[in-house]
Amino acid sequence: IDYDWRVLDGTSQLIEALIDPLASGGRFQRIVAQLHSPAGVAKETMDFHADHVLIGISGLEAERRDLEIPLTPNFQVVMLKTALLGITASRWPGESGTPISAFGGYRSNDDKALVFDAALTALRQETVVVGDQSIDARVVELTGEFTQTLWLDSTGIALKRVMGELVAE
């Protein structure tokens with residue numbers, strides 16, 4: 001996934017995710033995020049294991065530090081990046097409306113995991129127009145760190161996201 005904001009603020013972000021097949025649970029195994037800016041490149045790597053995540057962080061000055069953060073059993077990765085959130089929602093492990101333990105990253109100010117209860121509730125089916133194409137979408141509400149509504153196509157691509165006053169289409 002490549003977010004190109006060079007015209008807006010001179011930055012670009014590349015996100016790569018390795019995900020198990022649905023038949024094996026569809027869990028994230030690894031996420032790599034790189035932020036390119038005029039000042040340099042910052043990189044964050046997350047390798048997920050059954051009870052912990054290994055996080056490697058390289059700052060703009062190229063120094064690297066590694067963190068090992070314990071996680072609760074059966075956690076679900078719920079990253080706030082729109083594209084990854086759509087994939088997560090399409091592979092949600094629990095029943096509609098039932099809370100699960102979620103890992104949403106880490107807090108860089110204290111190197112602690114951002115862990116919270118999250119629930120996904122199916123709301124309705126709706127048609128979303130993207131360009132000149134009408135796409136059937138599943139509308140879901142995700143509660144947790146933030147409450148948000150997502151419109152997902154059949155593959156988990158987030159076509160629209162509403163979080164408070166913020167609307168991303």
Side-chain angles (χ1 to χ4, degrees), residues 1-5 8-9 11 13-33 35 44 46-53 55 69-110 112-169:
I1 303 158
D2 190 0
Y3 295 107
D4 188 346
W5 299 305
L8 297 173
D9 64 4
T11 66
Q13 187 174 41
L14 177 65
I15 301 168
E16 300 169 309
L18 178 62
I19 306 168
D20 285 340
L22 282 174
S24 299
R27 293 181 58 93
F28 284 96
Q29 290 299 317
R30 181 172 221 209
I31 296 172
V32 178
L35 176 63
E44 182 177 277
M46 296 182 195
D47 290 300
F48 297 96
H49 300 270
D51 62 352
H52 68 282
V53 58
I55 301 174
I69 298 176
L71 296 171
T72 58
N74 301 317
F75 68 91
Q76 178 70 22
V77 177
V78 181
M79 305 300 283
L80 294 178
K81 296 174 182 355
T82 301
L84 295 181
L85 195 56
I87 293 168
T88 298
S90 70
R91 296 164 178 247
W92 198 259
E95 296 292 321
S96 180
T98 303
I100 62 169
S101 177
F103 168 80
Y106 74 100
R107 297 188 189 283
S108 58
N109 60 330
D110 62 7
K112 295 205 180 203
L114 174 57
V115 178
F116 51 91
D117 287 339
L120 187 80
T121 304
L123 299 178
R124 62 188 174 279
Q125 290 290 125
E126 210 172 276
T127 300
V128 175
V129 177
V130 177
D132 61 350
Q133 192 174 23
S134 294
I135 301 172
D136 291 329
R138 180 171 64 113
V139 184
V140 297
E141 180 180 70
L142 177 64
T143 57
E145 187 180 27
F146 304 102
T147 297
Q148 50 198 303
T149 305
L150 300 164
W151 283 254
L152 306 171
D153 76 2
S154 62
T155 64
I157 302 294
L159 303 170
K160 182 178 178 181
R161 179 182 184 191
V162 174
M163 188 168 52
E165 298 295 317
L166 176 67
V167 178
E169 295 184 88

Rounded to the nearest 0.5 Å, how far does [atom2] of [Y] lie from [atom1] of [X]?
X	Y	atom1	atom2	value
Leu35	Ile15	CG	CD1	10.0 Å
Ile31	Glu16	CD1	CD	11.5 Å
Leu114	Met79	CG	CE	8.5 Å
Leu150	Leu142	CG	CG	6.5 Å

#### Entry: Gly156 to Ser90 - nearest heavy-atom pair and separation
CA-CB, 3.5 Å
### Message
How close do Gln13 and Ala33 get, counting heavy atoms only, and between which atoms?
### Response
NE2-CB, 4.4 Å
Among residues at least two apart in sequence or on other chains, which ones pass side chain to side chain contact (heavy atoms under 4.5 Å, CB included) with [X]?
X	value
Ser154	none
Pro93	Gln76, Ile100
Ala119	Thr143
Thr98	Glu95

Side chain to side chain donor-acceptor pair (under 3.5 Å) against [X], all qualifying residues, sequence neighbours excluded:
X	result
Asp153	Thr155
Thr72	Ser101
Glu44	Tyr106
Thr121	none

### Task
With sequence neighbours excluded, tell me which residues meet ring-ring contact (aromatic ring centres under 6.0 Å, His included) with Phe75.
none
### Query
Has the side chain of Thr127 got a donor or acceptor atom that lies under 3.5 Å from a matching backbone atom of Ser134?
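Not confirmed, Thr127 side chain does not pair with Ser134 backbone.
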#### Entry: Side-chain heavy-atom pair Val77, Met46 within 4.5 angstrom cut-off
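Val77 vs Met46: side chains apart.
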#### Entry: Sequence neighbours excluded, every pair satisfying side chain to side chain donor-acceptor pair (under 3.5 Å) that has a member inside residues 20-32
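Residue pairs with at least one partner in residues 20-32: Asp20-Gln29, Arg30-Asp47.
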#### Entry: Within residues 124-133 or reaching into it, pairs that qualify as salt bridge (charged side-chain N to carboxylate O under 4.0 Å, His left out) - sequence neighbours excluded
Arg124-Glu126
### Task
Please test Leu84 against Phe28 for side-chain contact (heavy atoms from CB on, under 4.5 Å), starting from the C-alpha separation and ending with a verdict.
CA-CA 10 Å; Leu84 295 181; Phe28 284 96; 3.9 Å; yes
Which donor-acceptor pairs under 3.5 Å do the side chains of residues 157-168 make with protein atoms, sequence neighbours left out?
| unit_1 | atom_1 | unit_2 | atom_2 | d |
| --- | --- | --- | --- | --- |
| Arg161 | NE | Gln148 | OE1 | 2.7 |
| Arg161 | NH1 | Leu80 | O | 2.7 |
| Arg161 | NH1 | Thr82 | OG1 | 2.7 |
| Arg161 | NH2 | Leu80 | O | 2.9 |
| Arg161 | NH2 | Gln148 | OE1 | 2.8 |

